Amino acid sequence: MCTVCGCADGETKVDGHNHNHGHNHNHDQNHGHSHTHGHSHDHHHHDHHHYGHGPAGTEVPGMSQERLIEIETDILSKNDRYAQANRAVLAQAGVLALNLVSSPGSGKTTLLCKTIEMLGNQPLAVIEGDQQTQNDADRIRATGARAVQVNTGKGCHLDGHMVGHAMEHLNLATGSILFIENVGNLVCPAAFDLGEDAKVAILSVTEGEDKPLKYPDMFTAARLAILNKIDLAPHCDVDLDLYESNLRRVNPGIEILRVSARTGEGMADWLAWLTTHLAAKSNLQSAQ
Amino acid sequence: MHEMSLCEGMRSVIEDQARQHNVARITRVRVEIGRFAGVETKALHFAFDVVMRGSVAEGAELVTLELPGRALCYDCMTEVEIDARLDPCPLCGGGKLMPQGGDDMRIKDLEVA
């Protein structure tokens, strides 16, 4: 087991199988660590990572003398370092990375499948995060897109380290879009930066207008909210304007799109949003 | 929130620091938690004791220091201090407030035995 990141060989699962990848770790002081994987499988279309490990155990021999060490370090600083490393890789390739967050059942995967279909030849890739199963990655692969499934085991969110590993399997083409479908959870993923350009929160009209007030952190962290399944609105006495005002109450700067992935309503606006942000990212890349 | 994950993050920071400073045992850990960080202090204490087992900080005391929540009111464009995430602006009564910090989760210092 790696004593810095706690990444355990025996618990990592690719495609549902345990795989002992010959790790070569390189631990530096100022960045997390870099991995060189020596495993021999190359079936990129069936990549599947499994996490669920605990922290590493280490013993440090040394002096004992009462004193105070001032550190002023963010608790999530390690995650933030992985996220920064991911962000650098993505910036260099001009890849637009979006972290899709929502509660379970908001229609993220259906929205994604529809989006992929409508984007046609646009190069893209998907990282799917779930506690268990490869179902979502299978659904994405059925559209012809490249997908890696990350299973978090007991974990309730994706983190920068998992996403960095998943990215290694995707060979992201310059100018592509990377969709990261986070674990369905409106709490924890808000705090974990993955290196994305923006968080996109998806909520469906059946969830209740007060959802943004109940889980403000996620909607505050998101740049865009997609109000999905609007085709169901007439059947469930829902006030779409109230959804929007509650979203703006917790995040006055949030952008909002009303969409139905099923009927296609509003999908053109979502695609335009993607195209605009991808172009901005490529301009930044070519300016460098 | 995700107090267990936070404690795992703390353990990794603490172990790095212990290694750098060559210390064998940490007796007290002080953390600053912002009002809007969404951290449940009781759950954090529980998770801390569990996660630190077998580490240099096993049995250490966890002290949490609360930092106030600040937000920018989009109605009067003033930065104000608020107690709860959904409180209205104390100056103009406006309801559109964007948190400015207050979501900090930081290890302040470590006391070494």
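Everything numeric in this text was worked out from a predicted model, so none of it was measured.
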Exercise. So which residues of residues 62-90 of chain B are in contact with chain A at a heavy-atom cut-off of under 4.5 Å?
Worked result: B:Y74, B:R85, B:L86
What pair of heavy atoms forms the shortest contact from [X] to [Y], and how long is it?
{"X": "A:T220", "Y": "B:P99", "result": "CG2-CD, 3.7 Å"}
{"X": "B:V13", "Y": "A:D74", "result": "CG2-O, 4.1 Å"}
{"X": "A:V250", "Y": "B:M98", "result": "O-SD, 4.4 Å"}
{"X": "B:G95", "Y": "A:R249", "result": "O-CG, 3.1 Å"}

Exercise. Looking at side-chain heavy atoms only, is the closest gap between B:L6 and A:L76 below 4.5 Å?
Worked result: yes
Exercise. Run the side-chain contact (heavy atoms from CB on, under 4.5 Å) check on B:D103 and A:D217 step by step: do they pass?
Worked result: CA-CA 9 Å; B:D103 55 351; A:D217 296 337; over 6 Å; no
For this session: Considering only NZ, NE, NH1 and NH2 on the basic side and carboxylate oxygens on the acidic side, decide whether B:K108 and A:E72 come within less than 4.0 Å.
Result: yes
Exercise. Is chain B contacted by the side chain of A:S77, its backbone, both, or neither, given a heavy-atom distance below 4.5 Å?
Worked result: side chain
Exercise. In terms of heavy-atom pairs under 4.5 Å with chain B, which of A:N79, A:L213, A:N185 leads?
Worked result: A:L213
Exercise. Checking B:I107 against chain A: side chain, backbone, both or neither under 4.5 Å from a heavy atom?
Worked result: both
Exercise. If you round to the nearest 0.5 Å, how far is CG of A:L68 from CZ of B:R30?
Worked result: 6.5 Å
For this session: Hey, could you give me the OG1/CG distance between A:T73 and B:D109, rounded to the nearest 0.5 Å?
Result: 10.5 Å
Problem set entry | side-chain contact (heavy atoms from CB on, under 4.5 Å) between A:I69 and B:Q20, worked out | CA-CA 11 Å; A:I69 306 176; B:Q20 273 175 36; over 6 Å; no
Exercise. So with a 6.0 Å cut-off around OH of A:Y215, is the heavy-atom count from everything else above 12?
Worked result: no
